[in-house]
Q: 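Sharing a structure with you now.
Positions are given from 1 along the sequence. First listed ligand is number 1; within each ligand, the first listed atom is number 1. These numbers come from a predicted model, not from an experiment.
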Amino acid sequence: MEKIIPTADRLGDVKEYYFSTKLREVAKLRAAGKDIINLGIGSPDLPPAPEVIEALQAAAARPDAHGYQPYAGRPELREAFAGWYHRFFGVSLNPETELLPLIGSKEGIMHISMAFLNPGDEVLVPNPGYPTYRSATELAGGVIRDYRLQEANDWLPDLDALEAQDLSKVKIMWVNYPHMPTGTAVPDGFYEALVGFARRNKILLCNDNPYAFILTDTRQSLLSVPGAREVAIELSSLSKAQNMAGWRVGAIAGAGEYLQSILRFKSNMDSGMFLPVQLAAVKALSLGQEWYDGLNAHYRRRRELAFRIMDALGCQYRKAQVGLFVWARCPEGKDGFAVSDAALYQHDVFLTPGGIFGDEGTHYVRISLCSTEERLAEALDRLSTLP
Ligand SMILES: Cc1ncc(COP(=O)(O)O)c(C=O)c1O
């Protein structure tokens, strides 16, 4: 059928999200009877803490739980985020003005783009990097300027080389360390260098920080750097470290002046977050270090199996990786799409091709740690026979 009106020009080259199409294909293969092991997406399989579920259930039974909620989140939730920031990152934030809860941090990427970009404004986007920075920039009418990350440079941006270019049209720089998909941790002095770069060039740094707690030795916030609040905002998420990906809870932290602009956009898009989800998120934010230690014990064992899968595939990887994935270079002469297709169509194992994160990822593949040790061991078995 032909549509009676065309799709808006705004969609431009923006395609349906990779996992949206690919997981539909995986679902079809499963419906056809194939036992596909999905090592693709970073959706934690482990449950949230029991007290978080109890808080959700108790709140859902309240007769007053079902109405619209405040656009800037419940005060209890903003206070819980402030307490969490203080305990784990040593950063003091005013819960009234410097925290804005989100329905997942992914929506925050769009809100930030809509609140600060005019058509033609340039945005520094990591390549490889989380694909949403790119699509949100395009949808908001911005112009993508890749900053290339390479293994030879430890997957870090070359800030001096960037600064030698004309940055006068750049408004936003997306940064995401611990970095997805390469698993690069935050090196000493890196956040400080970024803040200096942003101040000199009048660029708003948007640090996307969902992996701060996963397999890292120390947790870091860009907002802990002196002077950062003038040039940086930070996204956090309960999807990964609290096992709440489907609940859709995150936050933006930063100076009230930035958050007010974001709220002007966001409050026209949604009508608050379901109260029981907010009260359960308060519980999740109160979890202590032992929660994160327990989680990381699982991920450490799983990472060893993921390394062995990469060995079986003949891929090269660095052992010092953090976050929820293992990232590796394909054998000479193969790219990530070929390795991923062979694994899926010959062995019923889905791995993410690195090229979906930008062309710097073409020769890489990524394994998610969000599967049980049994399933990872089964995937290892199947892939050990890969030609
Ligand atoms: C780098 C990065 N940012 C943001 C997100 C989105 O997280 P959320 O579930 O909070 O929307 C993801 C999810 O995979 C991610 O990898």
Side-chain angles (χ1 to χ4, degrees), residues 17-20 22-23 38-46 48 73 77 81 84 99-113 123-137 147 149 155 157 172-186 205-216 220-222 233-253 262 266 269-270 273 277-278 280-281 284-285 299 321-327 350 352-354 356-358 360-361 364 366-371:
Y17 194 58
Y18 171 78
F19 285 111
S20 175
K22 197 68 189 181
L23 295 184
N38 183 354
L39 305 182
I41 201 162
S43 178
D45 57 310
L46 295 162
L77 180 56
F81 267 115
W84 178 76
L99 277 160
L100 178 61
L102 295 171
I103 304 177
S105 61
K106 189 175 183 181
E107 70 149 12
I109 297 170
M110 190 68 209
H111 299 334
I112 292 167
S113 305
V123 179
L124 289 171
V125 173
N127 177 353
Y130 184 51
T132 302
Y133 310 138
R134 241 164 236 284
S135 43
T137 301
Y147 64 91
L149 305 175
W155 302 110
I172 287 178
M173 177 178 189
W174 286 102
V175 272
N176 158 231
Y177 289 89
H179 185 243
M180 195 292 299
T182 68
T184 307
V186 185
L205 289 175
C206 300
N207 189 38
D208 183 20
N209 202 15
Y211 299 106
F213 289 79
I214 314 286
L215 294 174
T216 49
Q220 297 190 60
S221 162
L222 183 58
I233 55 179
E234 187 162 76
L235 292 170
S236 296
S237 171
L238 300 200
S239 293
K240 315 293 180 176
Q242 284 76 18
N243 296 337
M244 292 165 70
W247 296 49
R248 316 306 303 130
V249 190
I252 308 184
I262 296 165
K266 177 176 157 60
M269 293 295 107
D270 67 65
M273 203 191 304
V277 169
Q278 296 198 54
L285 289 164
Y299 288 134
Q321 298 197 28
V322 300
L324 214 43
F325 308 95
V326 166
W327 174 252
F350 173 49
T352 306
I356 71 149
F357 303 106
E360 289 291 348
Y364 293 80
R366 190 192 79 168
I367 290 179
S368 160
L369 302 182
C370 297
S371 282

Q: Please list the nearest protein heavy atom to atom 7 (O) of ligand 1 with its residue and the distance rounded to 0.1 Å.
A: Ser105 OG, 3.2 Å

Q: In the protein, what heavy atom is nearest to atom 14 (O) of ligand 1, and what distance, to one decimal place, separates them?
A: Lys240 NZ, 2.8 Å

Q: Quick test of your reading of the model: are Glu107 and Lys266 salt-bridged, counting only N-O distances below 4.0 Å?
A: yes

Q: Taking atom types as modelled and ignoring hydrogens, do the side chains of Glu234 and Asn207 form a donor-acceptor contact shorter than 3.5 angstrom?
A: yes

Q: Nearest 0.5 Å, please: how far is CG in Asp208 from OH in Tyr177?
A: 12.0 Å

Q: In terms of atom number and element, which parts of ligand 1 are under 4.0 angstrom from non-hydrogen atoms of Lys106?
A: 8 (P), 11 (O)

Q: In terms of atom number and element, which parts of ligand 1 are under 4.0 angstrom from non-hydrogen atoms of Asn176?
A: 1 (C)

Q: Any idea which heavy atoms bring Leu149 and Pro157 closest together, and the distance?
A: CD2-N, 3.4 Å

Q: Quick one: does Glu107 get a heavy atom under 4.0 Å from ligand 1?
A: no

Q: Which atoms of ligand 1 are found less than 4.0 Å from any heavy atom of Gly104?
A: 10 (O), 11 (O)

Q: Nearest protein heavy-atom contact for atom 3 (N) of ligand 1: which residue, which atom, what distance?
A: Asp208 OD2, 2.5 Å

Q: Report the distance from atom CZ of Phe350 to atom CG of Leu23, rounding to the nearest 0.5 Å.
A: 6.0 Å

Q: Which residue and atom name correspond to the protein heavy atom nearest atom 16 (O) of ligand 1, and how close is it?
A: Tyr211 OH, 2.6 Å

Q: Considering only heavy atoms of Ser237, which atoms of ligand 1 have at least one such atom less than 4.0 Å away?
A: 8 (P), 10 (O)

Q: Looking at Gln220 and Asn209, what are the two nearest heavy atoms and their distance?
A: O-ND2, 3.0 Å

Q: Measure the distance from atom 9 (O) of ligand 1 to every protein heavy atom, then report the residue, atom name and distance (to 0.1 Å) of the closest one.
A: Ser239 OG, 2.6 Å

Q: Against ligand 1, does Gly250 come closer than 4.0 Å with any heavy atom?
A: no

Q: With heavy-atom distances below 4.0 Å as the criterion, list the atoms of ligand 1 near Arg248.
A: 8 (P), 9 (O), 11 (O)

Q: Distance from Ser371 atom OG to Asp45 atom CG, nearest 0.5 Å?
A: 6.0 Å

Q: Give the residue and atom name of whichever protein heavy atom lies nearest to atom 6 (C) of ligand 1, and the separation in Å to one decimal.
A: Tyr130 OH, 3.4 Å

Q: Quick check: closest heavy atoms across Pro128 and Glu360, and the distance to 0.1 Å?
A: CD-CB, 3.6 Å

Q: Against ligand 1, does Tyr133 come closer than 4.0 Å with any heavy atom?
A: yes

Q: Less than 4.5 Å apart, any side-chain heavy atom of Trp174 and any of Ser113?
A: yes

